[in-house]
Peer 1: 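Dumping the structure here so I can ask a few things about it.
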Amino acid sequence: MSELVDILISASFWAAVLRIAAPLIFATMGELICERAGVLNLGIEGIMVFGAFAGWVTVYAGGGLWAGVAVAMLAGMGFGAVHALLTVPFGLSQHVVGLGITMLATASAYYAYRLALPEVTNPPRIEPFQPLHIPGLSDLPWLGEALFSQTALSWAGFACVALTALVLYRTPLGLALRAAGENPQAVEAQGLSVAALRMGAVIVGSGLMAVGGAFLTMSAFSSFFFEMVNGRGWICIALVVFGAWKPGKALLGALLFAGFDALQVRLQQTGLGQIVPYQVFLMIPYLLSILALILMSRRAQVPAALMTPFNRGER
Amino acid sequence: MGPKDPARDETVLRLSGITKRFGALVANDEISFALAKGEVVALLGENGAGKTTLMNILFGHYTADEGTVEVFGAPLPPGQPGAALAAGVGMVHQHFTLADNMTVLENIQLGTEPLWRLGLGRSAARRRVARLAQDFGLAVDPDARVGTLSVGERQRVEILKALYREARILILDEPTAVLTPQEAEALFETLRKMVAQGLSVIFISHKLHEVMAISSRVLVLRHGRLVGEVATRDTDRHALATLMVGAEIAAPEPTQARPGAVLMTLDRVETPPRGNRPGLRGVDLALRAGQILGLAGVSGNGQGALADLISGLEGPIAGRLRVGEAEVTRWSPRAALAAGVGRIPEDRHKTGTIADFTLTENAVLESYARPPTANHGWMNWRAAREAAQEIIAKYDVRCPGPETRIRLLSGGNMQKLILGRVLEAAPRIILANQPVRGLDIGAVTYVQEQLIAARNAGAAVLLISEDLDEILTLSDVIRVISDGRLSPEFARGEKTAAELGQWMAGQGFDHAA
């Protein structure tokens, strides 16, 4: 028990929570925007993989870090555009298209990686984002290390939540976007284009997912390797549900999941880790997430028109 | 009633030669008419006559194949609701276009501001909505979620949406279908206020008395063609009905009922509420052989709960249900069928039929497991087909054949097949939930005559309808449902429509209980 307390009061634990949460936050906001407009984007996992690769390879080829983020975002938007085209004007099954995009984007990333680096066995490293020193705050004892030792990209992730909430709830655009996910007929009857709103949401949302992927290679691990996204995209889909399609609650969910994840890594190194196989610890965040999902999402309001294609002129 | 003499010179809207085809069907055929400032024009026609299609073209949901629309002298670009709104055309759709999960104010503001702007300007919008609501008698809480509102309130939101966008021409598509007579009167009051302020209204309906009450001019559509245009004061209901149908149709006249034994009894029955719809609250009901019991009420007041109970989909949580003298313990759809309950469900598309099954398959949905349709667990498709053919011939189901998928049939023919399926099983109790909704007059008359014939043959009929005229015409006894409670039994002719309307609005129950 005292070991658990030791973990919880260590500043490095809290820093790790924020670091693990940041990529999830980007991708979760991306998915949330898509779903609020009425489109389920199961391309998220693959788009994150491609974002991770695109950001990394840009920097590896000599580009700047922010250029890497921008390239990842544009690549994500490209996949988003394909997804949007197939699901919105063509009205194809969002499940099939999403899974297809995930397979396409994942395979494209691995293929491009092999083309670029046919010979390597050890993934080459890049110089990643460094923790941002905030005068005053970062120098605080304990708090400075726990909360104010994040990279600029991490901070951007948290800003992204505020921005998403602001747009969704405080602008006419957000109102129209939410309405497109609730009742597209209402949007159409008020003279707005459902297709434009939904396609825009999917494209922008996919861009954010790719930035979430890029965070992994550019702020967390500093190199690209296969299987590195490792289901984070699927976790983000669950986080959107956990957050009841609200940005603030989804942020809370991401932090909670990151907390469980940071905890299990540290628990492995305690006395308990000597007896219990480490795979059990790996399961903890997922088990607890499922539990939290059950508790939190029972009364959630699903966007009423989620996964319902809208065709003009059909009734 | 618009102004006595509408200023004909001030034309606000002109449709010229509008034609719209869906495949081989000509939904609108060369329709032209004009609308003057400050008048209410009624667009009258049966279901499928092309009224809604025409208005959807005007509002830009559809693009016409031929013809033009002019609003205030300027041509309206086709296929753009945004352009119609900007030109001052507002539409209150029959199926409301509101997002349930958002507030009234959010629904009203949607699409009214430039998208790329920070801030929503809620307080200014709230003030404007409050003023419009007061000017036109459209009280509604701007911060309520639309999902929590009654149907009448939702309609007010739809009208406010149009007024908020400064509509000068308002199209109302079947606006009274979901209202009590009192709510409909309040709506007419609002329309009169709007006309007095110089707005013009197109009122779509197939209810003659409403058309007579509110319009100054009537346009009659039949099979996509404009077949008549008359000033309301120069016509009457009978003339309009003849024009609308194209032939004289006599409404069914039930003969004197000879009620017999009680076939089904509900004794203080309660069922759980569903969402924001009430369940049954202490309902007593007796269905007698040879009698039609009409249940009047505004949609969503427990009719669904009662229908589900009688058809076996749900059992009571309190109280007792008896079939004949026997108390029912295990109640299920199968038990209901075995007890001789015939079910004509409310939604013929969703629960009455399986759209992609053939007529044959749909005809045996309730008898598929019994001989002759099935023997020892094997389907006898020949017998099923014969049963379907018999229904098709006897009930005049117009279709290419028994192997047609039922989704290709019109609503009326689909309903005739359901009617045949129910009546051929010779039920003792018939649940007819909205049996003629959405049917044209010919099919309405047919279905109603069949129900009367079943009554004369000794069946107990429970007729659930939101159409008070239908209840008044067919019922031997009438009860009103409101918020899950039933009114006392009224004999035929005992109460007027207005008196029943008060019961529908929930008045009188407390004294009666």
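Source: prediction; values computed, not measured. A, B, ... follow the sequence lines: proteins, then strands. Residue 1 opens every chain.
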Peer 1: Quick one: closest heavy-atom pair of B:Gly119 and A:Pro172, and the distance?
Peer 2: O-CD, 3.4 Å

Peer 1: Measure A:Leu166 against the heavy atoms of chain B and call it side chain, backbone, both or neither at under 4.5 Å.
Peer 2: side chain

Peer 1: Is A:Asn183 reaching over with its side chain to a backbone N or O of B:Thr97, donor-acceptor style, under 3.5 angstrom?
Peer 2: no

Peer 1: Where on B:Phe96 is there a heavy atom nearer than 4.5 Å to chain A: the side chain, the backbone, both, or neither?
Peer 2: backbone

Peer 1: Output the residues of residues 149-168 of chain B for which the shortest heavy-atom distance to chain A is under 4.5 Å, in residue-number order; output 'none' if no such residue exists.
Peer 2: B:Lys161, B:Arg165

Peer 1: Would you say the side chain of B:Glu106 lies within less than 4.5 Å of the side chain of A:Arg178, judging by non-hydrogen atoms?
Peer 2: yes

Peer 1: Count the heavy-atom pairs under 4.5 Å between each of B:Ala83, B:Gly60, B:Pro81 and chain A, then report the option with the highest count.
Peer 2: B:Pro81

Peer 1: A:Val187 versus chain B, heavy atoms under 4.5 Å apart: side chain, backbone, both or neither?
Peer 2: both

Peer 1: Using heavy-atom distances under 4.5 Å, tell me whether B:Ile57 contacts chain A through its side chain, its backbone, both, or neither.
Peer 2: neither

Peer 1: Of the listed residues (A:Ala186, A:Ala179, A:Ser193, A:Ala305), which shares the most heavy-atom pairs with chain B below a 4.5 Å separation?
Peer 2: A:Ala186

Peer 1: Side chain, backbone, both or neither: which part of B:Met91 has a heavy atom under 4.5 Å from chain A?
Peer 2: neither

Peer 1: Could you tell me which of B:Leu118, B:Leu85, B:Asn101 has the largest number of non-hydrogen atom pairs under 4.5 Å with chain A?
Peer 2: B:Asn101

Peer 1: For residues 72-97 of chain A, which side-chain donor-acceptor pairs fall under 3.5 Å, sequence neighbours excluded?
Peer 2:
unit_1	atom_1	unit_2	atom_2	d
A:His83	ND1	A:Thr87	OG1	3.4
A:Thr87	OG1	A:His83	O	2.8
A:Ser93	OG	A:His95	N	3.3
A:Ser93	OG	A:Val96	N	3.2
A:Gln94	OE1	A:Leu40	N	2.9

Peer 1: State which residues pass ring-ring contact (aromatic ring centres under 6.0 Å, His included) with A:Trp234; sequence neighbours excluded, sorted by chain then number.
Peer 2: none

Peer 1: Rounded to the nearest 0.5 Å, what's the gap from CD on A:Gln190 to CG on B:Leu110? Could you check?
Peer 2: 5.5 Å

Peer 1: Pick from B:Gln80, B:Arg117, B:Glu113, B:Arg122: which one has the most heavy-atom pairs with chain A under 4.5 Å?
Peer 2: B:Arg117

Peer 1: Side chain from CB out, backbone as N, CA, C, O: work out which of these in A:Ala304 comes under 4.5 Å of a heavy atom of chain B, or both, or neither.
Peer 2: neither

Peer 1: Scan for side chain to side chain donor-acceptor pair (under 3.5 Å) pairs involving residues 156-166 of chain A, sequence neighbours excluded, and state none if there are none.
Peer 2: none

Peer 1: To the closest 0.5 Å, what do you measure between CG (A:Leu175) and CG (B:Asn107)?
Peer 2: 8.0 Å

Peer 1: Would you name the heavy atoms of B:His93 and A:Ala189 that are closest together and state the gap between them?
Peer 2: CE1-CB, 3.6 Å

